[in-house]
Protein chains: 2
Amino acid sequence: MDKVPTSYDVARLAGVSRTTVSLVLNNAPAAHISPETRRRVLEAARQLGYFPHAAARRLVQGRTMTVALIWHRGPDANYRDAFLPGLLQGLASVLHQQGYYLLFRPMEVHESEQVVLELAQGRHADGFVISGPRADDPVLLDLHERGFPLVLHGQLPGTDIPFVDVDNVAGARQAVEHLLRLGHTRIGIITNAPLSYVSARQRLEGYRLAMRAAGIEPPSEWIQYGNFDEASGRRAMQALLQVRPRLSAVFVASDMVAVGARYALWEAGLRVPEDIALVGFDDLPLAAYTVPPLTTVHVPAQALGRAVGELVLQRIQGESVSSRRLPTTLVVRASCGARKFSSRANLT
Amino acid sequence: MDKVPTSYDVARLAGVSRTTVSLVLNNAPAAHISPETRRRVLEAARQLGYFPHAAARRLVQGRTMTVALIWHRGPDANYRDAFLPGLLQGLASVLHQQGYYLLFRPMEVHESEQVVLELAQGRHADGFVISGPRADDPVLLDLHERGFPLVLHGQLPGTDIPFVDVDNVAGARQAVEHLLRLGHTRIGIITNAPLSYVSARQRLEGYRLAMRAAGIEPPSEWIQYGNFDEASGRRAMQALLQVRPRLSAVFVASDMVAVGARYALWEAGLRVPEDIALVGFDDLPLAAYTVPPLTTVHVPAQALGRAVGELVLQRIQGESVSSRRLPTTLVVRASCGARKFSSRANLT
DNA sequence: ACCTCATAGTAACACGTGTTACTAAAATCA
DNA sequence: TGATTTTAGTAACACGTGTTACTATGAGGT
């Protein structure tokens with residue numbers, strides 16, 4: 001890479017001092033620059049293809065104009081990967097709008113929290129968005145205490161670090177209320193994950209609220225636990241099929257798990273939705289292409305990214321912020337039985 | 001955020017000069033430091049939680065230890081998003097291994113190439129990985145001419161910029177040869193995209209090579225063109241169903257398009273694979289969950305990310321590199337008819 | 001006793017920018 | 001005309017680090 005021009009080169013070409021170049025290019029409000037001088041400077045900068053050296057600027061200004069996205073890869077990594085593109089696009093769009101850059105940092109489970117500390121103490125970024133935080137992370141709490149701008153994607157119980165998440169309770173409730181409205185009363189649930197995960201607890205809570213509001217107290221045998229993947233969904237559904245008399249509908253709090261549950265139904269020779277209706281959660285791309293297409297709760301990945309970006313920028317500008325729970329939308333397809341799914345073809 | 005310690009603070013606490021701190025922390029090879037002094041410096045740095053200021057370091061060293069990933073969002077954005085998590089993980093892993101950081105920059109279609117120029121001239125990164133490059137981008141060619149380290153993800157005809165891509169020709173050939181081996185001879189193709197896309201031309205080429213090697217010259221009516229989405233696949237398959245006598249198998253050069261093609265077959269009352277066998281390309285997550293599960297050509301997203309990272313790091317270190325075409329793997333599921341897909345249940 | 005050499009450590013510079021305090025000239029006012 | 005303000009622009013400093021050239025001390029050799 002050849003020599004790249006500095007502000008001194010621009011100054012010389014325009015016949016002014018380097019200070020003037022800086023004042024013009026950052027159009028400083030209180031500076032006295034004649035229109036003619038301004039024009040000459042801009043022309044010189046354009047001609048040389050000058051852009052200020054990022055590191056020098058960061059050093060003198062004391063800020064990096066950068067937000068780091070820490071992407072923890074835990075047991076739920078593959079699941080969360082499905083939302084990564086949308087989240088990134090939403091986050092990046094609000095950052096760029098404000099002139100900020102995005103540093104992406106995946107964190108493997110074996111990696112120490114030291115790398116996050118290094119990112120902060122080494123002033124690689126002005127703020128962090130942290131996705132999939134570990135509950136026992138002292139570094140995070142310490143940084144937050146010291147006022148470093150942090151925003152979580154997903155919730156961390158027992159802290160007041162601001163977070164952005166989808167409203168899991170309301171989303172699950174939406175799904176179950178839809179089934180109730182269709183006339184179902186014997187509705188089971190397969191959670192998306194073990195109850196150590198906040199989202200699993202919340203989605204189960206939404207199920208309970210909807211059922212109780214309908215005057216139904218679901219016995220514990222109606223409740224089974226998934227674990228992110230389809231294998232867990234298959235097992236859980238097999239357990240639910242033991243319930244007598246049979247359940248007429250099951251809310252599966254994750255599309256991936258729902259695919260496994262659907263497989264178990266197929267193995268048992270049961271039809272969806274005629275014998276058992278199904279509703280999922282997440283609205284992954286594949287939900288539209290299962291057989292039958294899966295009714296599910298849409299999670300707005302891009303909106304989550306935008307929200308998380310807005311919050312971290314506000315924190316960087318020193319404002320205090322409050323957490324946000326974004327609303328979900330129920331996407332009605334065929335698996336719940338509300339829509340006809342023509343089945344004249346044998347799908348094998 | 002409170003005051004964060006500098007190397008001067010470490011020096012004072014350890015009772016040495018700032019130079020010594022720097023020499024110890026970067027363990028300079030030719031420096032004379034007594035073990036006792038070294039210990040005191042390290043202890044002081046640890047105690048203060050010192051990490052060097054990234055911007056200052058970048059400024060003086062003249063390098064950023066950062067690679068930027070430029071993610072173009074064209075008409076194929078949604079399609080390429082499916083590979084983003086894997087590519088990011090692969091790329092990030094090799095970068096971190098060498099102490100490099102990753103700057104992620106999505107580019108909307110309406111955005112000017114000026115932002116890429118600014119990233120380079122402003123020395124925000126030492127090299128770029130560019131995914132989904134536009135063919136008419138003079139900025140890219142100019143940067144490459146001037147020796148700036150660029151590596152493409154996907155190919156750009158008419159340049160010698162190094163690229164990494166999957167071996168589309170071989171992958172398509174694999175898929176079609178598999179169908180031939182199963183006894184099919186009347187095999188059609190639906191491309192993944194219009195032929196203006198290099199990958200579409202190459203996958204079509206692979207199809208042609210396999211067919212010719214089997215002594216079959218496919219007539220033009222066996223060839224239809226997809227356009228990334230399932231709607232295009234449905235249309236294309238409807239066209240192929242006009243061929244008489246009927247084709248016995250179709251290679252669909254994209255899983256998303258294949259889903260649409262499969263839908264058209266279902267509408268026509270045809271069974272897969274009994275009436276028409278199907279093979280896809282990409283191995284998206286949903287391919288394992290279609291009905292029947294889709295035989296397809298696996299694209300190794302992580303390996304692509306790693307390769308692209310290795311190449312850009314080599315370019316940054318001044319080495320010259322040559323492009324790489326990574327091999328694909330055929331994933332045999334049920335849609336090609338090679339594996340039994342039990343169908344005792346009515347899947348609706 | 002003198003010179004050489006290895007060891008231990010430091011002072012000073014450079015990186016490229018934003019910004020503050022200052023100067024010089026011109027314009028305005030009394 | 002002399003005093004004051006406005007306009008136009010600049011010199012100099014600070015940001016925090018890596019590195020080069022240099023000094024000081026003691027050890028070893030003849």
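First the proteins, then the strands, lettered A, B, ... as listed; each starts at 1.
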**Q** Quickly work out the His32(A) NE2 to dT10(D) P distance and round it to whole Å.
**A**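 Rounding to the nearest Å, NE2 of His32(A) and P of dT10(D) are 14 Å apart.
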
**Q** Please report, rounded to the nearest Å, how far the P atom of dT19(D) is from the CG atom of Asn26(B).
**A**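 Those two atoms, CG and P, are 6 Å apart.
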
**Q** Can Thr20(A) and Ser17(A) be counted as having a side-chain donor-acceptor contact under 3.5 angstrom?
**A**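 Distance-only check passes for Thr20(A) and Ser17(A).
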
**Q** dT10(D) P sits how many Å from Tyr8(A) OH, rounded?
**A**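 Computing the Tyr8(A):OH to dT10(D):P distance gives 12 Å.
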
**Q** So do Glu310(A) and Arg324(A) actually touch side chain to side chain, heavy atoms under 4.5 Å?
**A**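 Arg324(A) reaches Glu310(A) side chain to side chain.
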
**Q** Under 4.0 Å between a side-chain N or O of Ser7(B) and OP1 or OP2 of dG16(D)?
**A**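 Answer is no, no contact under 4.0 Å.
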
**Q** Rounded to whole angstroms, how far apart are CG on Asn27(B) and C1' on dT19(D)?
**A**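 After rounding, the reported distance stands at 15 Å.
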
**Q** Send over the distance from Arg39(B) CZ to dA8(C) C1', rounded to a whole Å.
**A**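 My rounded result for the distance is 17 Å.
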
**Q** Which of parallel (below 30°), tilted (30 to 60°) and perpendicular (above 60°) describes Phe104(B) and Trp71(B)?
**A**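 Aromatic pair Phe104(B)/Trp71(B) classed tilted.
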
**Q** Could you tell me the separation between the CZ atom of Arg40(A) and the C1' atom of dA8(D), rounded to a whole number of Å?
**A**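 Computing the Arg40(A):CZ to dA8(D):C1' distance gives 12 Å.
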
**Q** To the nearest Å, how far apart are Gln121(B) CD and dG16(C) P?
**A**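 Between P of dG16(C) and CD of Gln121(B): 13 Å.
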
**Q** With the side chain of Thr20(A) defined as its heavy atoms from C-beta on, choose the nearest nucleotide among dG18(D), dT17(D), dG9(D).
**A**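 The closest nucleotide is dG9(D).
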
**Q** Counting the atoms with a prime plus P, OP1 and OP2 as sugar-phosphate, which does Ser34(A) contact under 4.0 Å by heavy atoms, base, sugar-phosphate, or nothing?
**A**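 Sugar-phosphate contact only - Ser34(A) comes under 4.0 Å of backbone atoms but never of a base.
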
**Q** Using a 4.0 Å cut-off on heavy atoms, which residues in residues 53-64 of chain B reach DNA chain C? List them by number, or say none.
**A**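 Contacts with DNA chain C under 4.0 Å: Leu59(B), Val60(B).
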
**Q** Per the end-axis method with five pairs at each terminus, what is the bend angle of the helix from dA1(C)-dT30(D) to dA30(C)-dT1(D), to 10°?
**A**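 End-to-end axis angle: 50°.
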
**Q** Indicate whether the side chain of Arg325(A) and that of Gln155(A) have a donor and an acceptor atom separated by less than 3.5 Å.
**A**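 Note: Arg325(A) and Gln155(A) side chains meet the donor-acceptor criterion.
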
**Q** Under the side-chain contact (heavy atoms from CB on, under 4.5 Å) criterion, do Val116(A) and Leu143(A) qualify, and how do the steps go?
**A** CA-CA 10 Å; Val116(A) 175; Leu143(A) 281 175; 4.0 Å; yes

**Q** Under 3.5 Å, side-chain donor or acceptor atoms of residues 313-323 of chain B against the rest of the protein: list the pairs with distances, not counting sequence neighbours.
**A**
| from | atom 1 | to | atom 2 | distance (Å) |
| --- | --- | --- | --- | --- |
| Ser323(B) | OG | Phe163(B) | N | 2.9 |

**Q** On DNA chain D, does the nearest nucleotide to Ile33(A) precede the nearest nucleotide to Arg18(A) from the 5' side, or the other way round? Give the residue.
**A**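 The residue mapped nearer the 5' terminus is Ile33(A).
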
**Q** Could you tell me if the side chain of Asp9(A) sits less than 4.5 Å from the side chain of Tyr50(A), heavy atoms only?
**A**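 Side-chain contact under 4.5 Å: no.
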
**Q** Among dG16(C), dT10(C), dG18(C), which nucleotide has an atom closest to any side-chain atom of Thr6(A)?
**A**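 Nearest nucleotide to the side chain: dG16(C).
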
**Q** Quick one: are Leu140(B) and Glu113(B) in side-chain contact, heavy atoms under 4.5 Å?
**A**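 No, every pair of side-chain atoms sits at 4.5 Å or beyond.
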
**Q** Backbone N or O of Ser131(A) within a donor-acceptor pair of the Arg80(A) side chain at under 3.5 Å?
**A**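 Present.
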
**Q** For Thr19(A), report the nucleic acid contact type (base, sugar-phosphate, nothing); a contact means any heavy atom under 4.0 Å.
**A**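 Since a base atom lies under 4.0 Å of Thr19(A), the category is base.
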
